[in-house]
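Lettering of chains follows the sequences in order, A, B, ..., and the numbering in each one begins at 1.
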2 protein chains.
Amino acid sequence: MKVINQNIHIDGIDKKILRALMTDARTSVLEIARQVGISGAAIHQRLRKLEKSGLIAGSKFIINPKVLGYTTMAFVGVYLDKAVSNPDAVKQLKKIPEVLECHYTTGNWSIFIKILCKDNEHLMHLLNSDIQSISGVSRTETFISLDQQIERQIKI
Amino acid sequence: MKVINQNIHIDGIDKKILRALMTDARTSVLEIARQVGISGAAIHQRLRKLEKSGLIAGSKFIINPKVLGYTTMAFVGVYLDKAVSNPDAVKQLKKIPEVLECHYTTGNWSIFIKILCKDNEHLMHLLNSDIQSISGVSRTETFISLDQQIERQIKI
DNA sequence: CGTGAAAGTGGACAAGT
DNA sequence: ACTTGTCCACTTTCACG
């Protein structure tokens, strides 16, 4: 079902459709149709085309972590002994559910991760027990997000 | 409509509902009902309660940036002259659509941002023209994501 | 690429256990 | 808190402009 980049041309209507669904994935086809002024069937047809193009990667419910007591977000730069151990380290990091993102990066760090945890104690435990114990990890540099001011997707 | 944290107790069924919708926000109530083995009306009732609890922050379509030619993700640590200029700097950063995240952080940087752009040239332009020109920005440190290995939400 | 109609499916609510 | 039943809205497909 997934086909990527078939000479995609998105016009103003496509943008309106995508913006509506990027804001609320449950917006009905008919609701979008009302907003853009064409029939529901036409919206549906465009949506199928957008899906086939690979532009739409899926849809997700967004959970508010604070309601579950997860209030601390942190970023961790990880130094690894030797590059050869990188895939193994990633494999271990995947087992830690608090790790929301993991990137290979340029710069001093081998790996850069984003962590969501309950509090500083939880963070300390993750760093000292889970992350530092991964083979190849020599050192980490952590900085905590005091307040996230911007959170958004690519602009369509 | 938004009420936060009314002594939330999510059981196994709630978790299954949330996991299904976090994977695909368009999963129908009846489909979830089939998966967990109770009626659609019961799922619907639980969903309304979860929404009222504030745990569900919304739903979003996920766009694949690569299809639009956005292939370069970078992280930028921003040094600001004086803390007093932080809110102003954030205000300016909000005007740059390529800035997907912006955090106040502990550590050497005042602000930490995540950027999505088309290529290195685009990134260079953003850094030199858009970000460095913000009043109060003295210096930036940039590292590029070579490959994102993990991308997920909080584990329910 | 668009429309409108028709058929199937899901969402929302009521009443009962 | 879950079930069944009902009604209406929405999705999806189709023949056609």
Side-chain angles (χ1 to χ4, degrees), chain A residues 1-64 67-69 153 155-156, chain B residues 1-64 67-69 153 155-156:
Chain A
M1 187 64 91
K2 285 201 177 174
V3 183
I4 304 289
N5 218 349
Q6 296 193 331
N7 255 357
I8 202 161
H9 280 296
I10 55 172
D11 63 8
I13 293 177
D14 290 324
K15 287 183 183 176
K16 284 182 184 174
I17 295 172
L18 290 169
R19 284 187 194 131
L21 290 168
M22 286 168 80
T23 306
D24 181 357
R26 288 175 304 173
T27 312
S28 77
V29 167
L30 291 178
E31 173 58 29
I32 301 170
R34 278 172 219 124
Q35 289 175 20
V36 307
I38 61 177
S39 73
I43 301 288
H44 185 254
Q45 193 178 325
R46 281 167 174 268
L47 256 179
R48 295 236 309 153
K49 194 189 286 181
L50 288 169
E51 275 169 9
K52 257 189 64 180
S53 77
L55 181 56
I56 297 176
S59 64
K60 289 178 183 171
F61 259 56
I62 308 300
I63 297 301
N64 183 352
V67 176
L68 297 176
Q153 278 197 77
K155 189 185 178 186
I156 301 291
Chain B
M1 186 65 93
K2 286 199 178 176
V3 183
I4 303 287
N5 216 350
Q6 295 192 330
N7 254 358
I8 202 162
H9 279 296
I10 54 173
D11 62 11
I13 293 177
D14 290 323
K15 286 183 184 178
K16 284 182 183 174
I17 295 171
L18 290 169
R19 284 187 194 131
L21 290 167
M22 286 169 80
T23 306
D24 181 356
R26 288 175 304 174
T27 312
S28 75
V29 167
L30 291 179
E31 173 59 27
I32 301 170
R34 279 172 219 124
Q35 288 175 20
V36 307
I38 60 177
S39 75
I43 302 288
H44 185 256
Q45 194 178 327
R46 280 166 175 268
L47 256 178
R48 294 236 309 156
K49 195 188 286 182
L50 288 169
E51 275 168 10
K52 257 189 65 180
S53 77
L55 181 56
I56 297 176
S59 64
K60 288 178 183 170
F61 259 56
I62 308 300
I63 296 302
N64 182 353
V67 176
L68 297 176
Q153 278 197 74
K155 187 183 180 189
I156 301 292

**Complete:** The residue among A:L18, A:I13, A:I38, A:I17 that forms side chain to side chain contact (heavy atoms under 4.5 Å, CB included) with A:I32 is A:I17
**Item:** Residues in contact with DNA chain C, drawn from residues 20-32 of chain B - heavy-atom cutoff 4.0 Å
**Value:** B:S28, B:V29, B:L30
**Item:** Separation between CE of B:M22 and CD1 of B:I56, rounded to the nearest 0.5 Å
**Value:** 10.0 Å
**Message:** Does B:K60 form a side-chain contact (heavy atoms from CB on, under 4.5 Å) with A:Q153? I'd like the steps, not just the answer.
**Reply:** CA-CA 10 Å; B:K60 288 178 183 170; A:Q153 278 197 77; 4.1 Å; yes
**Message:** Using 0.5 Å steps for rounding, measure from the NZ atom of B:K155 to the CD1 atom of A:I63.
**Reply:** 14.5 Å
**Residue pair B:D14 / B:I156, side-chain heavy-atom distance below 4.5 Å** = no
**Request:** Please round to 10 degrees the angle between the axis of the first five pairs and the axis of the last five pairs in the helix from C:dG2-D:dC16 to C:dT17-D:dA1.
**Result:** 20°
**Complete:** Sorted by chain and number, sequence neighbours left out, side chain to side chain donor-acceptor pair (under 3.5 Å) with B:S59 holds for A:D24
**Asked** What are the 5'-most and 3'-most nucleotides of DNA chain C lying under 4.0 Å from any heavy atom of chain A?
**Response** C:dC1 to C:dG4
Under 3.5 Å, which protein N or O atoms sit close to an N or O of nucleotides 1-5 of chain D? Give each pair with its distance.
residue: D:dA1; atom: OP2; partner: B:K49; partner atom: NZ; Å: 2.2
residue: D:dC2; atom: OP1; partner: B:R46; partner atom: NE; Å: 3.3
residue: D:dC2; atom: OP1; partner: B:R46; partner atom: NH2; Å: 2.6
residue: D:dC2; atom: OP2; partner: B:R46; partner atom: NE; Å: 3.2
residue: D:dT3; atom: OP2; partner: B:S39; partner atom: N; Å: 2.5
residue: D:dT3; atom: OP2; partner: B:S39; partner atom: OG; Å: 2.8

**Prompt:** Hey, mind stepping through B:L47 and B:L21 against side-chain contact (heavy atoms from CB on, under 4.5 Å) and telling me if it holds?
**Reply:** CA-CA 10 Å; B:L47 256 178; B:L21 290 167; 3.7 Å; yes
**Complete:** The reported gap from CG in B:L55 to CD1 in B:I10 (rounded to nearest 0.5 angstrom) is 6.0 Å
**Prompt:** Does any N or O in the side chain of B:R26 come within less than 3.5 Å of the main-chain N or O of A:A25, such that one atom is a donor and the other an acceptor?
**Reply:** no
**Fill in**
Sequence neighbours excluded, the answer for salt bridge (charged side-chain N to carboxylate O under 4.0 Å, His left out) partners of B:R34 is B:E31
**Asked** Going through the distances and angles, do A:R46 and A:D11 end up as a side-chain contact (heavy atoms from CB on, under 4.5 Å)?
**Response** CA-CA 11 Å; A:R46 281 167 174 268; A:D11 63 8; 2.9 Å; yes
**Prompt:** How far apart are the closest heavy atoms of A:V29 and A:H44, and which atoms are they?
**Reply:** CG1-N, 4.1 Å
**Item:** Under-4.0 Å side-chain N/O to phosphate OP1/OP2 contact, A:H44 with D:dT12
**Value:** yes
